[in-house]
Each structure stands twice: as structure tokens, then as C-alpha cells.
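Remember, predicted model here, so these are calculated numbers, not experimental data. Order of the sequence lines fixes the chain letters, A, B, ..., with proteins taken first and strands second; residue numbering starts at 1 for each chain.
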Amino acid sequence: MVRRMEAGDLEAERLLVEKAQRGDRVAMGELLRKYGNALYASVLLPRLGSEAAAKDALGETYAKVVERIDRFTWQNVGFYPWLRTVALRVALDALRARKRTVLWEAEDLQREVDASQTTTPLDQAVQEKRDREAAKVRVEAALNKIHERYARAIRMRVIEEKPREEVAKELGVTPATFDVLLHRATAALKKALEKEEPNDSVR
Amino acid sequence: MGRMNTFHARATAAMLALSMALGGVMLARCDKGEPVKADEGAVVDNELLAFLSLARARHHEANLLEQNNDVPGAITALQKIVDAPKPHPGQRLPEVEEVLADTYARMAELKLGNKDVAGAQHDVETGLLHVTEPTYFRGHLLEVYGIVEEARTTELRDAGNTIEADKARQHALVLLREAVDVQEAVIGRVLDGGKEGGR
Amino acid sequence: MTQFDDPDAPPSEEEIRESQRLREALDDASKESADADLLRAVKHAAEPKPIAKRDLDEAVKSGLSRGERRSGGVVIRVAFGASFVLAAAAAIIFFLGRGPVQPDAGAGLAHARSTQPLFTERFETHGGESARIDRIAVARAADLRENHFARWGVGDKRGPK
């Protein structure tokens, strides 16, 4: 069961935000650190697909938050929803600047940014869980578009991180043949993602 | 956008001496110019009541017109609430926001009844911008939005656009789930005797 | 039949070379490979790893200094004891530009606030709006009356609902 923020936690956070808005650097640092992992692991890393890009984006998110903290108005739903929106925008800018194929299209991310500003802000733990589930759903949707054997190769080697030799054995091929299979699986996945229409089910 | 923080020296000499003695702490604050929070600003006054009275009158006018099967007339009456000048311009009074949200919800339902699905969609989306916190007002709007999306699903299917119809249906499910989440959040706060409404 | 249709079709020489490159890039992140990047993106979406403390600290430090530079302000390191906080609250803290302030600062008066507390049950799916606005208007009219009395110094001092 996901633990939601209690009234006492919310009040403590509100006071921390007020301090940060008054220029208290220690309070600001505490706020940023508190949600760093949630932003990194459930928002930025899945969407940007690279640890380096996600770390850069996290730093940029923090810079924007510090710059604009005076514009934040406390609304009894905690600080995280606003942080998340800023992070999504940063990820969107980063995605637009990159040319690599990733699981998210810029249009998808634009819709998430819009949704974050119009849907009910959720408790951080709930939102984080939803973001992670949504990312898993997206991965499965992508893998379901390719041949089952390719999807298996990617699941076992990449997601489950099983050793190459073990996966090859399970698939009934030599390790060298498995290398070719994985290469083909990647090419098939890339082709499927490039053909995919923008997902506009989330507004 | 992007205001500079500035230092203001309104403290008296005694306060300056105090702050210097304690380490010279200065508070830097920028002029927010943002809407005042309810608990800091507007006192319940004639201006607010005038708006609430107008809204009440227009809703009852809409009741009578609906009873006479004049749905366009009812919508027009409610639109006058939305278009009316708001009390304390520049401030977001919670009562006003919640009344507007309810008004948009009602207009959306009336427009749905009139087969104006696009109009209904516009109204619920606009209404949601007025109530961002988890309250019954928001839960109700989300529910109405879910119903609007169900109507849109049917409209799209009838037009042969099954792909968009499926997307609308998925969106309807998301909205109805969200409405439940909001209702549960409100019920949870009521049961906890926690913060209610006020900020 | 292409390799997309038959995963086990015999590979071409180019495929063998490319698969070797992919394998090396997966084993060594410093080697450039768009395909390896895509597979890592899949991994990061499916099973994202938490950020290392060192990297988080770095991001916070960098964010603070960049953000402060951009806002052009000076963020003061605040470090004082509780007694000063109390004195400061009494004598130094002032709010600037936070919108119009009522001359009497609203002491003892009912303020504008959410009407959610007036409703203990979830709203009906259809209708109910005019009944709700009735309740809101009646409640706030009572507040207005109390506020008038309070300003005139008459009547009791029951708090707003």
C-alpha cells in the first residue's frame, strides 16, 4: 500500500517551502534532495533513456525551481506536483534537442506536461507509482509490436540483465547467434517505434 | 516572468541594529503581485456576496428555463455567471472558483443534452482550471468530463473513427478513476478531521 | 522473407559485424552505439535505478548555484537560533507586494475560503448545482452579517463555519 502524506507532513513541508521562498538555502537544498530520486528515477530517466541526460536534466530542473520558487503558491497538495511539472518540461526540451530514438516522443511528453497542469495533483508516492507503472506499460507496448522471439531476447538480456550465454541457452542458440538475434531485435524495435503514431490518450 | 529579488529596507534603525547584532540577516523578497491566498486577504464582504447572489439567481433562472425545456436559454443564463465581473479582481477567491467550477459542470451537462459534445468538453476543461485542489467540486467536474468523453466515444464510433473512439474511451476511464481518487481523498480528510478547504 | 519475419534466418556479414559492435557497446558504455542506447533506454524505462547520492548532491549544488545566478538575487544562508526567529517574527518580518491588505487585517472576521466544509457527502452525478449555490450563498451571507456586527462591535464572536 502506498503511504500518502499525512496532514502533519504537509504542514512541515509547507513551512519548509516558506523558508526556501524567504531565501533559506538550507531549506531549499532539503526540498530538492527530498524528491531527487523520485524525479530522476520515475520522471527523467525513463523518458530520456540515458543516465547522463537524466542527471543533466535533474540539475536543470533544480536550477529552474530555484529561479522560480517565488512564483510557487502552496496549494495543500505538497511540493512534488510542481517539481514534477518543471521536470517534465525540462525533459521535453531535452527530447526535442536530441535526435535519437527513445520510447517517448516529444508529443507524448507535451501531453504529459499539459495533463500535469490540469489534472488533480496527486500525492508524491501515488504519482511516482503511477509514473513507474506507465513507463512499464510503455515498454511492454513497444515490445508487443515486434516478433515474440525478439521481445524475449530483449526482456531477458536487457531488462532482466541475464548473462548473454544464459539467454542464448534458453533460446536454443549459440552466443554468437544470440548476438545477431539481439541486433535484429533492436532494429525491429527501432523500426516499430519510428512507425508509431503519437500517443494522445493522456491529456 | 522572472522577477529579480530585491532588498527592501523598511525596518527602523532599531530593527537594523537588532538584525546587525544578530548577524546581519536580510530578507530578500520580490514583489509577487500574485493572487492573495484566501486566508490572508479578502474578508467576506458585500462584493463577494453580490457575486454569489447573482450566481444563485442565474442558477434558479436556469432551473425555470430547463423546466420549460428551454435548454439554450438555461445555458445562456449560466453563461452570464461565467461572464460576470468577479469580486476583487486579481484575487482568486475560493468561493468564486468553486461556484464557477459548478457552473461549468452544469453547462457541460446541458450542452451534452443538446448534442454539443465539443462545447461540453470545452466547459469541463475550463472548469477544471478553477479547481485544482482535491474537493468535491473537482471530483464532480471530473465525473462530468468522463461522461463527456463517453459521449465523444459514441460520436466517433458512429462516424467510423474507431481509433479515436478507443482513445476517447480510455480517457473516459482515466477521468472516472481520477474522480474516484478525488472523492476518496476528500472523504479521507473528512474522516481524519484534517484540513478542510481553507488554506 | 526479411530478418523481421524470421529471427533465425542466416545472418549476412554486415549483420554479424553490427551485432559484434552492439555487444561491445553493451559491455562498454564508452563505445558509441545508437542501438545500445536504445536498449539502455528500454532498461531505464522498465527498471530505473535510483540516483547515486554523490550525483544527487552534485545536481542540488549545481541547481542552487545556477538558479541563484539566473534569478539575480542573493540567497542568504540563514543560520540563527530559535530566540532570534521569535524576535525577528515580531519585529523584522514584513511581507512585500502580496496584494491588497485589508486595513483591519481581518482580525476576528470571516475570510473568503473554500466551501468544501459545507458539504459532507459527494455530489450527485447529475444536478445539484443550484442547491449547492443556495447553501454557499446562505452560509456566506451569515458570515457577512457576523462581519458587520464584529466591525460595529456588537453581537457575539462565533467563528465562521
Specify which of [options] makes the most heavy-atom pairs with chain A at under 4.5 Å.
options: C:Ile51, C:Leu64, C:Ile16; answer: C:Ile51
options: C:Gln20, C:Lys61, C:Lys49; answer: C:Lys49
options: C:Ala36, C:Ala29, C:Ala45; answer: C:Ala45

**Message:** Are A:Tyr62 and C:Val60 packed together at the side-chain level, in the sense that at least one heavy-atom pair is separated by less than 4.5 angstrom?
**Reply:**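 A:Tyr62 reaches C:Val60 side chain to side chain.
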**Request:** For the residue pair A:Glu148 and C:Pro7, establish whether any side-chain heavy-atom pair is separated by less than 4.5 Å.
**Result:**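 No, every pair of side-chain atoms sits at 4.5 Å or beyond.
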Do you know which two heavy atoms are closest between [X] and [Y], and how far apart they sit?
X: A:Asn37; Y: C:Pro50; value: OD1-CA, 3.1 Å
X: A:Ile159; Y: C:Lys43; value: O-NZ, 2.9 Å
X: A:Gly36; Y: C:Leu56; value: CA-CD1, 3.7 Å

**Prompt:** So, are C:Arg23 and A:Glu165 salt-bridged, with charged N and O less than 4.0 Å apart?
**Reply:**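 No, no charged N to carboxylate O under 4.0 Å.
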**Message:** Can you tell whether the side chains of C:Arg66 and A:Glu67 come within less than 4.0 Å, N to carboxylate O?
**Reply:**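 No.
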**Request:** Keeping the roles fixed (side chain from A:Arg138, backbone from C:Ala46), state whether a donor-acceptor pair exists under 3.5 Å.
**Result:**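 Between the backbone of C:Ala46 and the side chain of A:Arg138 there is no qualifying donor-acceptor contact (under 3.5 Å).
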Rounded at 0.5 Å granularity, tell me how far [atom1] in [X] sits from [atom2] in [Y].
X: A:Leu189; Y: C:Leu38; atom1: CG; atom2: CG; value: 5.0 Å
X: A:Lys55; Y: C:Ser62; atom1: NZ; atom2: OG; value: 13.0 Å
X: A:Asp179; Y: C:Glu24; atom1: CG; atom2: CD; value: 9.5 Å
X: A:Lys190; Y: C:Leu39; atom1: NZ; atom2: CG; value: 10.0 Å

Can you tell which part of [X] gets under 4.5 Å to a heavy atom of chain C, answering side chain, backbone, both or neither?
X: A:Arg164; value: side chain
X: A:Arg33; value: both
X: A:Arg157; value: side chain
X: A:Leu182; value: both

Option in [options] with maximal non-hydrogen atom pairs under 4.5 Å from chain C:
options: A:Val173, A:Ile146, A:Ile154, A:Val139; value: A:Val139
options: A:Arg132, A:Lys64, A:Lys136, A:Glu161; value: A:Glu161
options: A:Pro46, A:Ala63, A:Ala153; value: A:Ala63
options: A:Met28, A:Glu60, A:Lys19; value: A:Glu60
options: A:Val65, A:Val180, A:Asp56, A:Thr186; value: A:Thr186

**Asked** Tell me the ring pair (Phe, Tyr, Trp, His ring centres under 6.0 Å) pairs involving residues 15-61 of chain A, sequence neighbours left out?
**Response**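 Those involving residues 15-61 of chain A are A:Tyr35-A:Tyr80.
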**Item:** CA sep, side-chain torsions, deciding dist, call: A:Glu51, C:Arg40, salt bridge (charged side-chain N to carboxylate O under 4.0 Å, His left out)
**Value:** CA-CA 9 Å; A:Glu51 287 172 325; C:Arg40 284 188 197 105; over 6 Å; no
**A:Arg149 atom CZ, over 12 foreign heavy atoms within 6.0 Å** =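 Buried by this count: over 12 neighbours within 6.0 Å.
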Contacting region of [X] [heavy-atom separation from chain A under 4.5 Å]:
X: C:Asp55; value: side chain
X: C:Glu47; value: side chain
X: C:Lys53; value: neither

